[in-house]
Amino acid sequence: CHTRYYPNYWTNNTDSTCIYYAGVPSVIQAARHSYIEAALLELFAAMKVFGWMSSMNCARVYNYALARRHGYISNNRCAFDATLPQAFDEEFSWQYTLRMRDTDVLNGFFIYSLLLEKAENNSCLVLPHDEQQWIQIDVALSERNKEMEGIGQEAYPHACDLCFIVIGDDDSKCKSIVCQMCGVMLRLITCHGENSSSCL
């Protein structure tokens with residue numbers, strides 16, 4: 001039947017598609033030999049949104065604080081001197097690294113986000129199967145970005161006097177547009193003089 005089934009998706013070799021099951025699974029395949037829990041991906045999303053952390057720093061935090069068994073003991077050896085031996089009992093060995101990489105964080109974050117968006121719209125994520133994973137994700141993200149442009153955003157037409165101000169009258173050649181989002185103030189200056197249609 002040219003179909004192969006995997007934990008998160010199934011592939012069809014006749015049309016080279018990778019079709020994810022409906023909904024958001026509790027564990028998501030971020031790379032060929034890397035699965036990440038949805039709860040951890042939600043933590044990475046929160047770290048990116050509220051802490052403005054890079055994928056590299058998300059991976060560093062995970063590897064330092066969460067990846068190792070009894071990591072809190074091995075990270076604070078002086079404080080846990082009496083219980084130190086239990087932190088280093090039999091380590092799990094596998095032929096692949098157990099350390100989180102920034103690419104694992106990014107791939108997991110993107111797939112998780114795409115699956116959330118598809119679940120909200122009652123549809124399934126479909127990716128090309130024959131491409132490398134980053135190309136698969138890039139295709140899906142480009143499609144999503146096109147859908148979000150302009151009126152695709154929920155609050156697109158919103159521009160109240162509290163969060164959006166235009167400085168300059170109708171006759172002025174330069175206008176200053178100021179808006180505030182998430183506590184960050186942005187200012188955009190536009191010039192509409194002769195032969196100019198760009199922002200400064």
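The analysis underlying the following values was restricted to heavy atoms, covering all of them including side chains, and did not include hydrogens, waters or symmetry mates.
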Side-chain heavy atoms under 4.5 angstrom apart, residues restricted to Ile, Leu, Val, Met, Phe, Trp, Tyr: same cluster for Met53 and Tyr64? no

Hydrophobic clusters join Ile, Leu, Val, Met, Phe, Trp and Tyr when side-chain heavy atoms are under 4.5 Å apart, directly or via other members; which others share one with Phe50? Val49

For Val126, which fellow cluster members are found when Ile, Leu, Val, Met, Phe, Trp and Tyr are connected by side-chain heavy-atom distances below 4.5 angstrom, either directly or through intermediates? Tyr5, Trp10, Ile19, Tyr21

Looking only at heavy atoms, what is the nearest atom pair of Pro25 and Ala38, with distance? O-CB, 3.6 Å

Determine whether Val61 and Leu66 fall in the same hydrophobic cluster, where Ile, Leu, Val, Met, Phe, Trp and Tyr are linked whenever their side-chain heavy atoms lie under 4.5 Å apart. yes

Determine whether a donor-acceptor pair (N or O, by modelled atom type, separation under 3.5 Å) exists between the side chain of Glu42 and the backbone of Glu37. no

Answer whether the closest heavy-atom distance between the side chains of Leu127 and Val139 falls below 4.5 Å. no

Consider only side-chain N and O atoms of Asn121 and Ser123, and report whether a donor and an acceptor are under 3.5 Å apart. no

Just wondering, do Asn12 and His129 contact through their side chains at under 4.5 Å, heavy atoms? no

Once you round to the nearest 0.5 Å, how far does SG of Cys124 lie from OH of Tyr20? 12.0 Å

With rounding to the nearest 0.5 angstrom, report the CG to OG distance, Leu41 to Ser113. 8.5 Å

For the CZ atom of Phe109 and the CG atom of Leu106, what is their distance to the nearest 0.5 Å? 8.0 Å

If every non-hydrogen atom of Glu117 is compared with every non-hydrogen atom of Glu147, which pair is closest and at what distance? OE2-OE1, 4.0 Å

One should read off an interatomic distance between Leu125 CG and Leu115 CG, to the nearest 0.5 angstrom, of 5.5 Å

Side chain proximity check, Thr17 to Thr11, heavy atoms < 4.5 angstrom: no

For the pair Lys48 and Ser55, evaluate side-chain hydrogen bond (donor to acceptor under 3.5 Å, both in side chains) and give the outcome as yes or no after the intermediate values. CA-CA 8 Å; Lys48 287 176 169 296; Ser55 297; 2.9 Å; yes

Minimum heavy-atom separation for Asn8 and Gln29, please, with both atom names. OD1-N, 2.6 Å

List the steps and the verdict of side chain to side chain contact (heavy atoms under 4.5 Å, CB included) for Phe44 and Tyr62. CA-CA 9 Å; Phe44 290 154; Tyr62 173 82; 4.2 Å; yes

Counterpart residues, side chain to side chain contact (heavy atoms under 4.5 Å, CB included), relative to Asn122 (two or more places apart): none

So how far is it from Ile28 CD1 to Asn107 CG, rounded to the nearest 0.5 Å? 11.5 Å

Is there a donor-acceptor pair under 3.5 Å between the side chain of Ser142 and the backbone N or O of Asp138? yes

Are Met56 and Ile137 linked, directly or through other ILVMFWY residues, by side chains that come within less than 4.5 angstrom of each other? no

Quick one: hydrophobic cluster around Tyr35, which other residues, with the 4.5 Å side-chain cut-off, linked directly or via members? Val27

Looking only at heavy atoms, the pair that brings Ala119 and Gly23 closest together is CB-CA, 4.3 Å

Shortest non-hydrogen contact from Met100 to Ala59? O-CB, 3.6 Å

For Arg60, which residues count as a salt bridge (Lys or Arg N to Asp or Glu O under 4.0 Å) partner, sequence neighbours excluded? none

Ring centroids only, cut at 6.0 angstrom: are Tyr9 and Tyr6 within range, meaning strictly under it? yes

What residues, two or more places apart in sequence or in another chain, satisfy side chain to side chain donor-acceptor pair (under 3.5 Å) together with Arg101? Asp104

